[in-house]
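Working notes, structure below.
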Protein chains: 2
Amino acid sequence: MTTQDRLIESTQALLWERGYVGTSPKAIQQHAGVGQGSMYHHFAGKPDLAAAALRRSAEQLRGVAAADLSAPGSAYDRIAAYLRRDRDVLRGCRIGRMAQDPDVIADPELRAPVEETFDWLRARIAELVAEGQVAGELAPGVDPTDTAAAVVAVVQGGYVLARAAGRAEPFEQAVRGALGLLAAQRTA
Amino acid sequence: MTTQDRLIESTQALLWERGYVGTSPKAIQQHAGVGQGSMYHHFAGKPDLAAAALRRSAEQLRGVAAADLSAPGSAYDRIAAYLRRDRDVLRGCRIGRMAQDPDVIADPELRAPVEETFDWLRARIAELVAEGQVAGELAPGVDPTDTAAAVVAVVQGGYVLARAAGRAEPFEQAVRGALGLLAAQRTA
DNA sequence: GTCTATATTCGGATAGAC
DNA sequence: GTCTATCCGAATATAGAC
């Protein structure tokens, strides 16, 4: 692995754990086993490195979610596959976490991967809901866009509840709750 | 207002905006218009002050939510009142935000108000759902505890989506989505 | 109770040698 | 490309005067 890659991966890990404000260049260097000069040779500074790390995390997350949402089965099955995916719940979401950091939100370069990830995710789930309705699998009563936003919000909010509680259970409850409400839309 | 109160209110405001890691004692002093020595006379340090601020925020939040959830009308109406309450969406949740901060989660004194707020909120909403089912207003199919967790998660996740997007709309979509799914449970 | 002075470490980087 | 030296301000206090 290249020095750049190790720096990016270390930054991904530290941003996930400590957030942007809580992650120092020195901590990144130590985690990556890379010297000061080396880091500043490859990257302009902390914001530059964070931007690279966030772009990579966004790409990876999208890949995983895309797979869940194209799983075999009905629209409901695919959304359930996304919601039920095995997660490290107490760690939270690598991307969603960044939405809380004012320095990330204030910098368009840093916010862009976060915004795009959620835009894509909501749109993809809305598409599935709409397809399910057209296919007659889901009742036509609910709005696909709104429903998709609710599904994504349940996951992001589930992380918040779980971390607040110090245990994964509230996340799992929220997911079951969402699936219970969604199941009532099935026409079968 | 006493010096203590001004310090607590300033800490509440700064924790909301910048989080725990991002809030310095100096910033608190300046925001409160209080000197260094004065702050350390009244509080042992940053964690002590933050604990006082979080306890107060938790108490206030609970008061507001309790009012929504006891509004006139059916169980659905009360949950809708909670979900639709006018919020400063892009600022996020004063309490939920803390769940992302590792230093808050690691300190039992700081985590307690956060955990208790969400425990109470989920329990109160679960109670409403169960009452609605018993009264025949809501279909008996969904689990009250799980549904309540989903409702609270939609709000917390809605904040994440809105901040990521830089606009309030995704929050409002998520709320409408949740209400749409919940409305389908009404037997009327 | 409040103020000013002082201390230590960290954050975030630049400079220049190798 | 990588290393070490150096810089300046901020974070988080403690000490002691008023």
Side-chain angles (χ1 to χ4, degrees), chain A residues 1-56 97-98 100-111, chain B residues 1-56 97-98 100-111:
Chain A
M1 198 165 41
T2 72
T3 297
Q4 283 101 322
D5 275 337
R6 274 192 295 138
L7 283 166
I8 289 178
E9 287 192 7
S10 293
T11 305
Q12 286 183 285
L14 290 168
L15 285 180
W16 191 0
E17 198 184 322
R18 310 262 331 146
Y20 184 78
V21 168
T23 297
S24 70
K26 173 173 280 185
I28 294 169
Q29 294 150 25
Q30 286 171 346
H31 190 280
V34 157
Q36 191 114 334
S38 191
M39 190 197 108
Y40 281 103
H41 174 74
H42 292 292
F43 294 95
K46 174 172 158 173
D48 186 30
L49 196 36
L54 288 184
R55 280 194 300 268
R56 184 172 295 187
R97 177 192 220 304
M98 297 301 133
Q100 298 301 334
D101 203 308
D103 293 357
V104 170
I105 292 310
D107 182 339
E109 197 81 10
L110 294 176
R111 185 165 67 82
Chain B
M1 198 166 40
T2 73
T3 297
Q4 282 102 319
D5 275 336
R6 274 191 295 138
L7 283 166
I8 289 178
E9 289 192 6
S10 292
T11 305
Q12 287 182 285
L14 289 168
L15 286 180
W16 191 0
E17 197 184 324
R18 308 265 330 149
Y20 184 78
V21 168
T23 297
S24 69
K26 172 173 281 189
I28 294 169
Q29 294 151 25
Q30 286 172 345
H31 189 279
V34 158
Q36 190 114 332
S38 190
M39 189 199 109
Y40 281 103
H41 173 76
H42 292 291
F43 295 94
K46 174 172 158 173
D48 186 30
L49 196 36
L54 288 184
R55 281 195 299 270
R56 185 171 296 186
R97 176 191 219 304
M98 298 300 133
Q100 298 301 334
D101 203 308
D103 293 357
V104 170
I105 292 311
D107 182 339
E109 196 81 9
L110 294 177
R111 186 165 67 81

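Just so we're on the same page: letters track the sequence lines, and every chain starts at 1.
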Self-check item: Spacing of B/Leu14 atom CG and B/Ser24 atom OG [to the nearest 0.5 Å]
Solution: 8.0 Å

Quiz item: CG of A/Leu15 to CE of A/Met98: how many Å apart, nearest 0.5 Å?
Solution: 4.5 Å

Quiz item: Closest heavy-atom contact between B/Gly19 and B/Arg97?
Solution: CA-NH1, 3.4 Å

Quiz item: For A/Ala106 and A/Pro108, which heavy atoms make the closest approach, and how far apart are they?
Solution: O-CD, 3.4 Å

Exercise. Specify the residues of residues 101-109 of chain B, ordered by number, for which at least one heavy atom lies under 4.0 angstrom from an atom of DNA chain C.
Key: none

Would you mind reading off the distance between [X] atom [atom1] and [N] atom [atom2], rounded to a whole angstrom?
{"X": "B/Gln29", "N": "C/dC3", "atom1": "CD", "atom2": "P", "answer": "10 Å"}
{"X": "A/Met39", "N": "C/dG11", "atom1": "CE", "atom2": "C1'", "answer": "11 Å"}
{"X": "A/Asp48", "N": "C/dA13", "atom1": "CG", "atom2": "P", "answer": "10 Å"}
{"X": "A/Leu14", "N": "C/dG12", "atom1": "CG", "atom2": "C1'", "answer": "15 Å"}
{"X": "A/Phe43", "N": "D/dT2", "atom1": "CZ", "atom2": "C1'", "answer": "15 Å"}

Exercise. Give the B/S/- string for nucleotides 11-18 of chain D, one per nucleotide from 5' to 3', where a protein heavy atom under 4.0 Å of the base yields B, of only the sugar-phosphate yields S, and otherwise -.
Key: SSBB----

Partners meeting side-chain hydrogen bond (donor to acceptor under 3.5 Å, both in side chains) with [X] (sequence neighbours left out):
{"X": "B/Thr3", "result": "none"}
{"X": "A/Arg111", "result": "A/Glu115"}
{"X": "B/Ser38", "result": "none"}

Self-check item: Any residue meeting side-chain contact (heavy atoms from CB on, under 4.5 Å) with B/Gln30, in chain and number order, not counting sequence neighbours
Solution: B/Lys26

Quiz item: Got a sec, which residues hit side-chain contact (heavy atoms from CB on, under 4.5 Å) with B/Glu9, two or more places apart in sequence or on another chain?
Solution: B/Met1, B/Gln12, B/Arg56

Quiz prompt | N/O (side chain, B/His42) to phosphate O (OP1/OP2, C/dT2) under 4.0 Å | solution = yes

Quiz prompt | DNA chain D-proximal residues of residues 1-11 of chain B, any heavy atom under 4.0 Å | solution = none

Practice problem: Kindly state each residue pair satisfying salt bridge (Lys or Arg N to Asp or Glu O under 4.0 Å) with at least one member in residues 12-21 of chain B, sequence neighbours excluded. | Solution: A/Asp103-B/Arg18

Side-chain donor-acceptor pairs under 3.5 Å in residues 41-55 of chain B, sequence neighbours left out?
residue: B/His42; atom: ND1; partner: B/Gln4; partner atom: NE2; Å: 3.4
residue: B/Lys46; atom: NZ; partner: B/Tyr20; partner atom: O; Å: 2.8
residue: B/Lys46; atom: NZ; partner: B/Thr23; partner atom: O; Å: 2.8
residue: B/Asp48; atom: OD2; partner: B/Ala44; partner atom: N; Å: 2.9

